[in-house]
Amino acid sequence: MPGLESASEVDAAAAMSARTSYGRLLALLAAADGDVPAAEDALADAFERALMLWPRDGVPANPDGWILVVARNRQRDRWKSSAFRSSVVLEPDRHSGVHLDVVDPDAIEDHRLALMLVCAHPAINPAVHTPLMLNTVLGFTVEQIGRALTIPTPTLAARLVRAKRRIKQARIPFRIPDATVLVDRMPAVAEAVYGTFAIDWHSSGTQRRDCLQSEALYLAETLADLAPVGHPEIVAEAHGLAALICLSNARRPARHNSDGGLVPLAEQDVTRWDGGLIDRGREHLRQAHSCGVLGRFQLEAAIESVHIARRDSGTTEWSVLRDLHQTLNAVAPTLGSAVALAAVTAEVDGAAAGLELLDEVADRTRHFQPAWSTRAHLLWQAGRPAEAREALVKAISLTTDPAQRVYLERRLGELG
């Protein structure tokens with residue numbers, strides 16, 4: 001008998017549609033008239049109706065199609081309303097809704113990349129390109145994005161509201177632009193795809209959010225396919241980004257033990273790494289190298305590749321890693337790259353050398369959790385246990401990921 005699903009089953013089905021299809025559905029709905037906030041409202045209303053009706057009527061065989069039909073009808077009701085007709089000039093091509101008559105989202109052209117390129121339009125403040133893509137296309141909350149980019153939530157929320165209004169006001173078309181325009185916008189899109197990978201990687205805890213990582217990889221490989229051949233720097237970074245996501249996700253099955261506990265890279269069971277993703281990532285990396293230019297994503301992928309090589313050799317080439325990290329820190333200096341360089345340098349030249357590098361960026365890493373956890377590890381190796389415990393306490397205070405917090409608290413206990 002259909003219907004009468006439990007609340008947990010309905011919530012799970014709605015959550016799955018939200019995780020796997022939100023970006024596709026929003027891009028499709030917003031393509032109608034460029035009104036992103038209105039499309040978000042329609043989609044939110046559809047999900048709310050699903051939570052109300054599915055427990056009684058049953059979860060539909062095609063949940064995404066159901067969500068799309070309800071959201072589409074909400075849009076049509078708005079277009080037909082007197083308030084809308086009195087404030088907006090109706091245009092048959094933009095407001096007829098004919099483009100939404102197909103109810104199977106999988107049978108409709110995927111507008112996600114087009115929406116990302118819209119978000120990277122020069123009419124929109126460049127500072128908001130990446131957070132706008134992360135929010136609209138990839139479904140991250142304002143709080144998640146603000147935390148990752150160290151932007152206060154109210155400030156970021158206001159910027160996003162203005163940017164979404166700008167998309168409609170400027171009537172930016174939802175389409176893949178020609179090569180000349182594509183080159184200018186692709187770096188911002190690549191940054192957003194990288195942000196999807198990075199935010200999820202560092203905040204997923206024990207919950208496998210495979211759909212987001214699949215989304216990031218799909219978009220990265222699509223960018224690699226679209227990258228104009230005459231621009232090797234764009235092609236190299238697109239393949240480098242795809243390689244990085246492949247190689248990092250290859251290790252995902254071994255990142256947590258059966259109890260959900262975090263397993264450090266050096267302790268991971270290499271037999272659990274995904275060989276198919278490793279091969280796929282290495283092929284992307286070869287294509288990036290063949291372009292003859294060097295970039296941030298390609299270097300990060302090369303670093304990941306050296307770690308992955310332990311599966312075959314049984315050892316880690318720390319001196320190679322140090323050279324790669326030094327180059328990365330020169331090409332794309334960030335707090336993360338500086339801390340990683342210190343950690344790798346310690347493996348080659350000793351803990352004191354690593355601590356010296358950390359001290360050089362100490363004024364910029366006071367609230368940067370990886371710097372404190374790395375410092376604690378190196379202080380312990382250097383025979384300074386009291387300082388190591390103090391640094392570890394600070395690292396724990398800055399940790400938001402539950403699995404990582406448990407791991408660090410266990411380490412604190414081991415330090416006495």
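Hydrogens, waters and symmetry mates play no part in the numbers below; they use all other heavy atoms, side chains included.
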- Residues two or more places apart in sequence or in another chain: which of them pass salt bridge (charged side-chain N to carboxylate O under 4.0 Å, His left out) with R286? E283

- Query: Step by step, would you call V69 with R72 a side chain to side chain contact (heavy atoms under 4.5 Å, CB included)?
  - Reply: CA-CA 5 Å; V69 170; R72 173 201 62 186; 3.3 Å; yes

For [X] versus [Y], what's the shortest heavy-atom pair and its separation?
{"X": "A71", "Y": "A46", "result": "N-CB, 3.8 Å"}
{"X": "A190", "Y": "F297", "result": "CB-CE1, 3.9 Å"}
{"X": "M133", "Y": "C119", "result": "CG-CB, 3.4 Å"}
{"X": "Q268", "Y": "A254", "result": "CG-O, 3.4 Å"}
{"X": "A403", "Y": "G260", "result": "CB-O, 3.9 Å"}
{"X": "V306", "Y": "V320", "result": "CG2-CG1, 4.1 Å"}

Side-chain contact test, heavy atoms from C-beta onward, threshold under 4.5 Å: evaluate it for [X] versus [Y] and give yes or no.
{"X": "L25", "Y": "I67", "value": "yes"}
{"X": "E40", "Y": "N135", "value": "yes"}
{"X": "R282", "Y": "I308", "value": "yes"}
{"X": "R389", "Y": "L412", "value": "yes"}
{"X": "L265", "Y": "R255", "value": "no"}
{"X": "I167", "Y": "L132", "value": "yes"}
{"X": "Q287", "Y": "V235", "value": "no"}
{"X": "L358", "Y": "T365", "value": "no"}

Just verifying a value: how many Å separate [X] [atom1] and [Y] [atom2], rounded to the nearest 0.5 Å?
{"X": "S305", "Y": "H284", "atom1": "OG", "atom2": "NE2", "answer": "13.5 Å"}
{"X": "L262", "Y": "N257", "atom1": "CG", "atom2": "CG", "answer": "8.5 Å"}
{"X": "I145", "Y": "L160", "atom1": "CD1", "atom2": "CG", "answer": "6.0 Å"}
{"X": "Q298", "Y": "L244", "atom1": "CD", "atom2": "CG", "answer": "11.5 Å"}
{"X": "R159", "Y": "I124", "atom1": "CZ", "atom2": "CD1", "answer": "14.5 Å"}
{"X": "L117", "Y": "I172", "atom1": "CG", "atom2": "CD1", "answer": "11.0 Å"}

Check: [Y] main-chain N/O paired with [X] side-chain donor or acceptor under 3.5 Å:
{"X": "T374", "Y": "A371", "value": "no"}
{"X": "H231", "Y": "E233", "value": "no"}
{"X": "T155", "Y": "I151", "value": "no"}
{"X": "D259", "Y": "G261", "value": "no"}
{"X": "T316", "Y": "W318", "value": "no"}
{"X": "S248", "Y": "I245", "value": "no"}
{"X": "E409", "Y": "V406", "value": "no"}
{"X": "E237", "Y": "R296", "value": "yes"}

- Worked check of side chain to side chain contact (heavy atoms under 4.5 Å, CB included) between L29 and Q75: CA-CA 8 Å; L29 294 165; Q75 275 191 316; 3.3 Å; yes

With a 6.0 Å cut-off (strictly less than), is the heavy-atom count around [atom1] of [X], excluding the residue itself, greater than 12?
{"X": "E143", "atom1": "CD", "result": "yes"}
{"X": "E347", "atom1": "CD", "result": "yes"}
{"X": "E390", "atom1": "CD", "result": "no"}

For [X] and [Y], does a side-chain donor sit closer than 3.5 Å to a side-chain acceptor?
{"X": "T399", "Y": "Q369", "answer": "yes"}
{"X": "E191", "Y": "H129", "answer": "no"}
{"X": "E387", "Y": "W380", "answer": "no"}

- Residues in side chain to side chain donor-acceptor pair (under 3.5 Å) with D269, at least two apart? T271

- Task: Tell me, please, which residues at least two apart from R49 pass side chain to side chain donor-acceptor pair (under 3.5 Å).
- Result: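 If we apply the side chain to side chain donor-acceptor pair (under 3.5 Å) test to R49, skipping adjacent residues, the hits are D45.
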
- Message: Walk me through whether T136 and L26 qualify under side chain to side chain contact (heavy atoms under 4.5 Å, CB included).
- Response: CA-CA 8 Å; T136 57; L26 179 65; 4.1 Å; yes

- Item | Listed once per pair and sorted, the salt bridge (Lys or Arg N to Asp or Glu O under 4.0 Å) pairs that draw on residues 315-327, sequence neighbours left out |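 Residue pairs passing salt bridge (Lys or Arg N to Asp or Glu O under 4.0 Å), neighbours aside: R322-D349.
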
- Task: Please list all pairs passing the salt bridge (Lys or Arg N to Asp or Glu O under 4.0 Å) test where one or both residues lie in residues 362-375, with sequence neighbours left out.
- Result: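 Every pair satisfying salt bridge (Lys or Arg N to Asp or Glu O under 4.0 Å) with a residue in residues 362-375: D359-R375.
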
- Task: Mind checking side-chain contact (heavy atoms from CB on, under 4.5 Å) for P264 and listing every partner two or more places apart, or none if nothing turns up?
- Result: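 P264 satisfies side-chain contact (heavy atoms from CB on, under 4.5 Å) with E267, Y407 only.
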
- Query: Should N249 and D274 be marked as a side chain to side chain contact (heavy atoms under 4.5 Å, CB included) after you check the CA-CA gap, both sets of side-chain angles, and the distance that decides it?
  - Reply: CA-CA 8 Å; N249 278 317; D274 188 324; over 6 Å; no

